[in-house]
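To start, the structure under review is shown below, and the notes come after it.
Just so it is clear, the model here is predicted, and its values are computed rather than measured. So that the names make sense, note that chain A is the first sequence line, chain B the second, and so on, each numbered from 1. Note that these values count all heavy atoms, side chains included, but never hydrogens, waters or copies made by symmetry.
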2 protein chains.
Amino acid sequence: MGRVQTFETDVVVRAARAVFWQRGFEEASIPELEQATGLRRSSLYNTFGSKRGLFDAAVASYLREVIAPRLRPLTEAPVGADAVVDYLMGMRAGLDDPEADAARHGCLLMNTAGAPVAMEQAVGEAVAAYREELRRALASGIAARHPEAGERERGRLAEAVTALVTSAFALTRVDNAAALRSLDAALDLVD
Amino acid sequence: MGRVQTFETDVVVRAARAVFWQRGFEEASIPELEQATGLRRSSLYNTFGSKRGLFDAAVASYLREVIAPRLRPLTEAPVGADAVVDYLMGMRAGLDDPEADAARHGCLLMNTAGAPVAMEQAVGEAVAAYREELRRALASGIAARHPEAGERERGRLAEAVTALVTSAFALTRVDNAAALRSLDAALDLVD
DNA sequence: TATATACTGGAATGACCGTTACGCAAATAT
DNA sequence: ATATTTGCGTAACGGTCATTCCAGTATATA
C-alpha cells in the first residue's frame, strides 16, 4: 500500500455538487471546482477520471442525500394519509426560503434536463428515472390518502401532481412566485 | 445611401433560432450559426451586435412566429369552448411527431429556463413573461369551457394545466413518453 | 459619373476550456 | 529502514470560444 487519500470523497463530491447545482454542468469550470473542493486538478482527475465522472458522482450524491430522504415517507411502508401533503408542504417551504438551494437553483436534475449535457444518453436516462421515481412515490402517497378512489383516477392525479412538482422545480430560478403557485395547485389537487 | 443588405433578416433569424432551439444558447457556436445562416461573423456582429443580440432576436421571433399563432384562438375573442382542448391536442400531436422540433427539442424558452444564460435578468424575465402569457391564454380557454365554475376554481385549474404544459415541454427531450402523459393529464383536468 | 455608405470576407486576438504529463512528497507494508 | 505505492502540486498542451479589426467591394444617392 502507498500513501492514503487525505480527503473524504463524500465531502468533496458534496462541494462539487453545490457548484454543479448552482452553475450547471457546462458552466461549472475546473478552476471553480478546484476552489470549491479544495483539491487540485490532478487529484480530481485522479479520483473521478473526468469532469463528467465528477458530475455523475455529484448526481448520485444528490439522489442519495437530497432526494431519497425527502421521498422516504412516500416510499417506505407504512405510508401515512398525510405523507403527500407533508411532502408538498415541505417542498413549498423549501422553495419559499430564499436561502435554500432549492429555491435559488431548483433541482439539479431538472435543470440538466434542458441543458446540453442531457443529450448524452446516460444523463437523459438519469433524469427520466428520477421523474419516474418521483411519480411512483407520489402515487403511493395519493393511494394512501384516497384509498376509495379508482386506480385510473389515482393514476391521473399522480401524473398531474408529478408534473406540478417538476414544473415548480423547472421554474423557480426564473419565477419563484410561479413555482410556489404550482405547488399550491398541487396541494389543491390532492384534496 | 450605400450598399444595401443582401439577406433578409427574418430568414437569418429563423435559421439561427433553429440552432439555438436544438443546441441551446451556450452550445450554439458562432461557426455553427455562420453555417446555418449562411452569413459570416462580420455580418452577424454587424447586424446583431453579439451572440446574445442574435439570441434575443431568435427569442422574439420564436414568440411571434411559433408561440403566438398557437395561442391566438385562446387570446382573441371570441374564445370557443373547444379552444383549450384543441390547443392541448394540437400540442400533443406536435410532441408525438418525432420529426417536429417541439418533440425533439421542447420549447426554446423552457429549455433556457434551466440554462446558465437564464441567470441574466432579461432572459429570466422573458421566460417568466412567456409562462404568464401561456397561463392567461389557458385561463381564458378554461373560462370559455367552464363558465359555470367559480373564479377560484378556474384559477386553480389554469395553474395546474399551465404547469402540466410546461412540464411536458421541459421533459420531452429526455422522456417523450412522460411528456405525452403530462398532456393527457391536462386533457383529463379540463373535462 | 462621383461619392458616400455599409455590407462582406478573412485573418488575428486574447482568454478560457478540459485534459494530460511529470516530478516530488508522503505514508504504508515488508 | 527500505521499497513501493499513491496522492498532490505545477506547468503545459491543443483546441475552441466570442469578439474585433481592416481592407475590399458593391450599391444607392446626388
> Which residue pairs satisfy the side chain to side chain donor-acceptor pair (under 3.5 Å) criterion with at least one member in residues 94-113 of chain A, sequence neighbours excluded?
Replying inline: none
Hey, are the side chains of [X] and [Y] touching, using non-hydrogen atoms and a 4.5 Å cut-off?
| X | Y | value |
| --- | --- | --- |
| Leu74(A) | Asp86(A) | no |
| Arg131(B) | Val174(A) | no |
| Thr9(A) | Phe48(A) | yes |

Specify the separation, in whole Å, of atom [atom1] of [X] and atom [atom2] of [N].
| X | N | atom1 | atom2 | answer |
| --- | --- | --- | --- | --- |
| Gln5(A) | dA26(C) | CD | P | 17 Å |
| Asn46(A) | dG7(D) | CG | P | 5 Å |
| Leu44(B) | dC7(C) | CG | P | 12 Å |

If you measure from the Lys or Arg side-chain nitrogens to the Asp or Glu carboxylate oxygens, is any gap between [X] and [Y] under 4.0 Å?
| X | Y | answer |
| --- | --- | --- |
| Glu65(A) | Arg72(A) | no |
| Arg135(A) | Glu132(A) | yes |
| Asp191(A) | Arg145(A) | yes |

> Do the rings of Phe20(A) and Phe25(A) sit parallel, tilted or perpendicular, given the 30° and 60° boundaries?
Replying inline: parallel
> With a 4.0 Å cut-off on heavy atoms, is Thr47(A) in touch with a base, just the backbone sugar-phosphate, or nothing at all?
Replying inline: nothing
> Which parts of residues 9-24 of chain A get close to DNA chain D, meaning a heavy atom less than 4.0 angstrom away?
Replying inline: none
> Base, backbone or nothing for each nucleotide of nucleotides 9-21 of chain D, written B, S, -, heavy atoms under 4.0 angstrom, 5' to 3'?
Replying inline: BSB-----SSBB-
